[in-house]
Amino acid sequence: MAPLIVLAVLVLFILVVLARTIRVIPQARAGVVERLGRYSRTLTPGLTLVVPFVDRVKPLLDLREQVLSFEPQPVITQDNLVVNIDSVIYFQITDPKAATYEIANPVDAIDVLTVTTLRNVIAA
């Protein structure tokens, strides 16, 4: 009975290792791999092998074009009129490594940059 339990545990361990080794990245997604906490590589769509228990795949990033709509922003024009402007912005992540490590929250950064640019263009 004991050899059967040992065999079952060994088979279960092998299945867990295989499940952690093989990763399938869907189309229009990208994954960032950290090896022992440091950036290792970027996973592209398709079948990929990672080293189990050493590599960690961060949550997948969506590389498709995304849409953000903003609430109306008050803008002061050159002739001192206050105008509320609605805006919609389309953006796409092109560098998964930079989107993961170089900014804490890309969507908030895009929001603030868009509002700032909008006010600058309208007020000029």
Side-chain angles (χ1 to χ4, degrees):
M1 184 68 168
L4 187 61
I5 293 174
V6 171
L7 181 64
V9 170
L10 185 63
V11 167
L12 183 64
F13 178 73
I14 290 172
L15 288 175
V16 167
V17 168
L18 283 176
R20 292 189 60 130
T21 300
I22 300 171
R23 293 294 307 253
V24 177
I25 308 297
Q27 186 68 32
R29 307 258 184 207
V32 174
V33 176
E34 289 181 345
R35 178 163 288 168
L36 300 174
R38 185 178 176 143
Y39 172 78
S40 175
R41 66 182 194 264
T42 301
L43 300 179
T44 56
L47 186 66
T48 307
L49 300 176
V50 294
V51 179
F53 310 110
V54 175
D55 288 346
R56 183 172 67 108
V57 180
K58 295 191 68 98
L60 298 179
L61 295 170
D62 192 354
L63 300 180
R64 296 175 294 176
E65 190 172 83
Q66 299 177 35
V67 178
L68 286 177
S69 61
F70 302 109
E71 57 192 44
Q73 295 293 321
V75 177
I76 300 174
T77 62
Q78 267 185 331
D79 50 358
N80 290 327
L81 291 175
V82 177
V83 179
N84 285 331
I85 297 181
D86 293 328
S87 60
V88 175
I89 187 165
Y90 295 84
F91 71 95
Q92 182 176 16
I93 295 174
T94 56
D95 187 359
K97 179 184 174 188
T100 302
Y101 293 113
E102 294 180 11
I103 192 161
N105 192 342
V107 175
D108 283 346
I110 290 170
D111 181 14
V112 171
L113 184 62
T114 301
V115 170
T116 303
T117 305
L118 178 69
R119 287 182 177 165
N120 190 23
V121 169
I122 299 297

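As a basis for the values below, the full set of heavy atoms in this structure was taken, side chains included, without hydrogen atoms, waters or symmetry mates. Residues: numbered from 1 along the sequence shown.
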When rounded to the nearest 0.5 Å, the distance separating CD1 of I85 from OG1 of T77 is 9.0 Å
Can you confirm whether more than 12 heavy atoms, excluding those of Y90, are under 6.0 Å from its OH atom? no
Please determine whether side-chain contact (heavy atoms from CB on, under 4.5 Å) holds for the pair F70 and L68, giving the CA-CA distance in whole Å, both sets of side-chain angles, and the decisive distance to 0.1 Å. CA-CA 7 Å; F70 302 109; L68 286 177; 4.1 Å; yes
First locate atom CG of L118, then atom CG of L113, and finally report the distance between them rounded to the nearest 0.5 Å. 11.0 Å
Under the salt bridge (charged side-chain N to carboxylate O under 4.0 Å, His left out) rule, what pairs show up with a residue in residues 64-74, not counting sequence neighbours? D62-R64
Using side-chain heavy atoms (C-beta onward) and a distance below 4.5 Å, is Q92 in contact with Q66? no
Validation row: V50, R41 side chains within 4.5 angstrom (heavy atoms): yes
Any non-hydrogen side-chain atom of I89 less than 4.5 Å from a side-chain atom of I110? yes
On a heavy-atom basis, which atom in N84 and which in P74 lie closest, and how many Å separate them? OD1-CA, 3.3 Å
Between P106 and A99, which heavy-atom pair has the shortest distance, and what is it? CG-O, 4.0 Å
I14, F53: one ILVMFWY side-chain cluster at the under-4.5 Å cut-off? no
For a 4.5 angstrom cut-off between non-hydrogen side-chain atoms, does V57 reach L43? yes
Pairs under 3.5 angstrom only: tabulate donor-acceptor contacts from the side chains of residues 19-36 to other protein residues two or more places apart or in another chain.
unit_1, atom_1, unit_2, atom_2, d
T21, OG1, V17, O, 2.6
E34, OE1, R56, NH2, 2.6
E34, OE2, Y101, OH, 2.8
R35, NE, D55, OD1, 2.7
R35, NH2, D55, OD1, 3.3
R35, NH2, D55, OD2, 2.9

Taking a hydrophobic cluster as the set of Ile, Leu, Val, Met, Phe, Trp and Tyr residues connected by side-chain heavy atoms closer than 4.5 Å, whether directly or through intermediates, do L49 and L47 fall within one such cluster? yes
